[in-house]
K.L.:
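Before anything else, here's the structure in question.
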Amino acid sequence: MYDYDLLVVGSANADLVIGVERRPGAGETVLGSDLAVHPGGKGANQAVAAARLGARAALLARVGDDAHGRLLLDSQREAGVDTVGVLVGGAPTGVALITVDPSGDNSIVVSPGANGRLTPEDVSAAACLFQGSRVVSAQLEIPLETVVEAVRSLAPESRFVLNPSPPRPLPREVLAACDPLIVNEHEAKVILGDSAVGDTPEDWARILLAKGPKSVVVTLGAEGALVASAEGVSRVPAVKVHAVDTTGAGDSFTAALAWRLGAGEALAQAAAYAVRVGAATVTKEGAQASFPTAAEVAAP
């Protein structure tokens, strides 16, 4: 019935990465490693991560008619992602400036470029992709009105997954479609705003659920994750690994979760798999280059 296990509607960036001994403070200059350029962007990352795991994935995004855009298209096709929905032109390809410290933590500044020109009209024109997709995943590195149109374009039985990054208040229509809404601590607090009550992820998840999503997942980094739905709230334990670079870990987690939910797994079971995928991702440098295959995730 479905042509795709996962349609990702989102951003595609070139990641410009520099390793640093420590991230600079305000007004400070620090020396770093040689510049490395990698294909990235939350949308492109999720599509590649899903395809690496074996999902039939498609990407709806916009890139520039430039070298960075060609890099991104090549990386999608190499991973097996269907790029029929990737539009070219209108602005330079988006760029993310990333610093990574020795602990693997990163700081990121994004220039949206062509991502900011992915319009609701582009979504409407891709109706066939939505009708053929079991799960649709989105993020907020594209205009919010484009995400709203993606929600309105869902096929009747399709599932919508949203990672609201970078976070901002969300309209009720989008919140009500989320199954699940996937947030980290920072994203949860921004979306909760004045509703933020309590200090635990369990508290945040329950309040977020009350705002309309069908389910909520809170990612907890080295502590694993938490899942919440009408059936209750439960923790998903972490997998202990040596973190080298956390870039892209949240994207691979979201892609894995969305894919496994589309395959019929329960939320907690899909989240446990996604935790393993995220853990495998942080053991290698880069974003897309670090995403594991299903065989690598299954390995002891």
K.L.:
Out of curiosity, K211 NZ to L175 CG, how far, rounded to the nearest 0.5 Å?
P.N.:
7.5 Å
K.L.:
Would L60 and F130 count as a side chain to side chain contact (heavy atoms under 4.5 Å, CB included) here? Give the steps.
P.N.:
CA-CA 10 Å; L60 175 57; F130 286 87; 3.9 Å; yes
K.L.:
Can you find a side-chain donor-acceptor pair between S137 and Q46 that sits under 3.5 Å?
P.N.:
yes
K.L.:
Y2 ring centre to R134 NZ or CZ under 6.0 Å, with the angle to the axis within 45°?
P.N.:
no
K.L.:
Please evaluate residues R62 and V88 with respect to the criterion side chain to side chain contact (heavy atoms under 4.5 Å, CB included), reporting the C-alpha separation (whole Å), side-chain torsions for both, the decisive distance (0.1 Å), and the verdict.
P.N.:
CA-CA 6 Å; R62 183 176 288 276; V88 179; over 6 Å; no
K.L.:
Are D179 and S215 linked by a side-chain donor-acceptor pair shorter than 3.5 Å?
P.N.:
yes
K.L.:
Under 3.5 Å, is there a donor-acceptor pair between the side chain of D15 and the main chain of V17?
P.N.:
no
K.L.:
Within a strict 4.5 Å, meaning less than it, do heavy atoms of the L144 and L170 side chains meet?
P.N.:
yes
K.L.:
Could you tell me whether R22 atom CZ has more than 12 heavy atoms of other residues or ligands within 6.0 Å of it?
P.N.:
no
K.L.:
Compare all side-chain heavy atoms of S229 with those of V216 and state whether any distance is below 4.5 angstrom.
P.N.:
no
K.L.:
For L31, is the CG atom crowded, meaning more than 12 foreign heavy atoms sit under 6.0 Å from it?
P.N.:
no
K.L.:
Decide yes or no on side chain to side chain contact (heavy atoms under 4.5 Å, CB included) for V236 and V227, but give the supporting numbers first.
P.N.:
CA-CA 7 Å; V236 178; V227 300; 4.1 Å; yes
K.L.:
Testing V20, L16, I108 for side-chain contact (heavy atoms from CB on, under 4.5 Å) with T99, which one passes?
P.N.:
V20
K.L.:
Compare every heavy atom of S252 with every heavy atom of A49, then report the nearest pair and how far apart it is.
P.N.:
CB-CA, 3.8 Å
K.L.:
Below 4.0 angstrom, N of the basic side chain to O of the carboxylate: do K189 and E185 qualify?
P.N.:
yes
K.L.:
Taking the side chain as every heavy atom from C-beta outward, state whether P166 and E141 have any pair of such atoms under 4.5 Å apart.
P.N.:
yes
K.L.:
Do you know the tightest heavy-atom contact between A256 and A274?
P.N.:
CB-CA, 3.9 Å
K.L.:
If we only count heavy atoms from C-beta on, is the T93 to N13 side-chain gap below 4.5 Å?
P.N.:
no
K.L.:
Should E149 and T119 be marked as a side chain to side chain contact (heavy atoms under 4.5 Å, CB included) after you check the CA-CA gap, both sets of side-chain angles, and the distance that decides it?
P.N.:
CA-CA 9 Å; E149 187 61 32; T119 66; over 6 Å; no
K.L.:
If every non-hydrogen atom of G10 is compared with every non-hydrogen atom of A61, which pair is closest and at what distance?
P.N.:
O-CB, 3.2 Å
K.L.:
Going hydrophobic residue to hydrophobic residue with side-chain gaps under 4.5 angstrom, can you get from V100 over to V110?
P.N.:
yes
K.L.:
Are V161 and L209 linked, directly or through intermediate hydrophobic residues, by side-chain heavy-atom contacts shorter than 4.5 Å (ILVMFWY only)?
P.N.:
no
K.L.:
How long is the straight-line distance from CG of N163 back to CG of L181, given to the nearest 0.5 Å?
P.N.:
8.0 Å
K.L.:
To the nearest 0.5 Å, what is the distance between OG (S11) and CG (L140)?
P.N.:
9.5 Å
K.L.:
At what distance, to the nearest 0.5 angstrom, does CG of L71 lie from CD of Q288?
P.N.:
8.0 Å
K.L.:
I191 versus P169: any side-chain heavy-atom pair under 4.5 Å?
P.N.:
no
K.L.:
Do K284 and P292 make a side-chain contact, defined as non-hydrogen atoms from C-beta onward lying under 4.5 Å apart?
P.N.:
no
K.L.:
Would you indicate whether the side-chain heavy atoms of I182 and L162 approach each other to under 4.5 Å?
P.N.:
no
K.L.:
Establish whether V9 and V48 are linked, either directly or via other cluster members, by ILVMFWY side-chain heavy-atom contacts under 4.5 Å.
P.N.:
no
K.L.:
So which heavy atom on A238 is nearest to which on V275, and how close?
P.N.:
CA-CG1, 4.0 Å
K.L.:
Give the minimum heavy-atom separation between S153 and Q131, together with the two atoms involved.
P.N.:
O-NE2, 3.6 Å
K.L.:
Quick check: are there more than 12 heavy atoms from other residues, nucleotides or ligands sitting under 6.0 Å from CD of E157?
P.N.:
no
K.L.:
Kindly compute the distance separating OG1 (T281) from CZ (F253), expressed to the nearest 0.5 Å.
P.N.:
11.0 Å
K.L.:
Could you list all the salt bridge (charged side-chain N to carboxylate O under 4.0 Å, His left out) pairs where at least one residue sits in residues 36-54, not counting sequence neighbours?
P.N.:
K42-D251
K.L.:
Check L6 against A50 and note the closest heavy-atom contact, atom names and distance.
P.N.:
CD2-CB, 3.7 Å
K.L.:
Quick one: CD on E187 to CG on L208, what's the gap to the nearest 0.5 Å?
P.N.:
11.0 Å
K.L.:
Take a 6.0 Å sphere around CD of E145 and say whether it holds more than 12 heavy atoms from other residues, nucleotides or ligands.
P.N.:
yes
K.L.:
Report yes or no: do L261 and F160 belong to one cluster of Ile/Leu/Val/Met/Phe/Trp/Tyr joined by side chain heavy-atom distances under 4.5 Å?
P.N.:
no
K.L.:
Please determine whether the number of non-hydrogen atoms from other residues, nucleotides or ligands lying under 6.0 Å from atom CD of E296 exceeds 12.
P.N.:
yes
K.L.:
Can you check whether V136's main-chain N or O pairs, donor with acceptor, with S133's side chain at less than 3.5 Å?
P.N.:
no
K.L.:
Treat each ILVMFWY residue as a node, draw an edge where side-chain heavy atoms are under 4.5 Å apart, and state whether L7 and L257 are in one component.
P.N.:
no
K.L.:
Between E202 and L226, is any pair of side-chain heavy atoms under 4.5 Å apart?
P.N.:
yes
K.L.:
Should R23 and D101 count as an ion pair when the cut-off is N to O under 4.0 Å?
P.N.:
yes
K.L.:
Under a 4.0 Å N-O cut-off, is there an ion pair linking R152 with E173?
P.N.:
yes
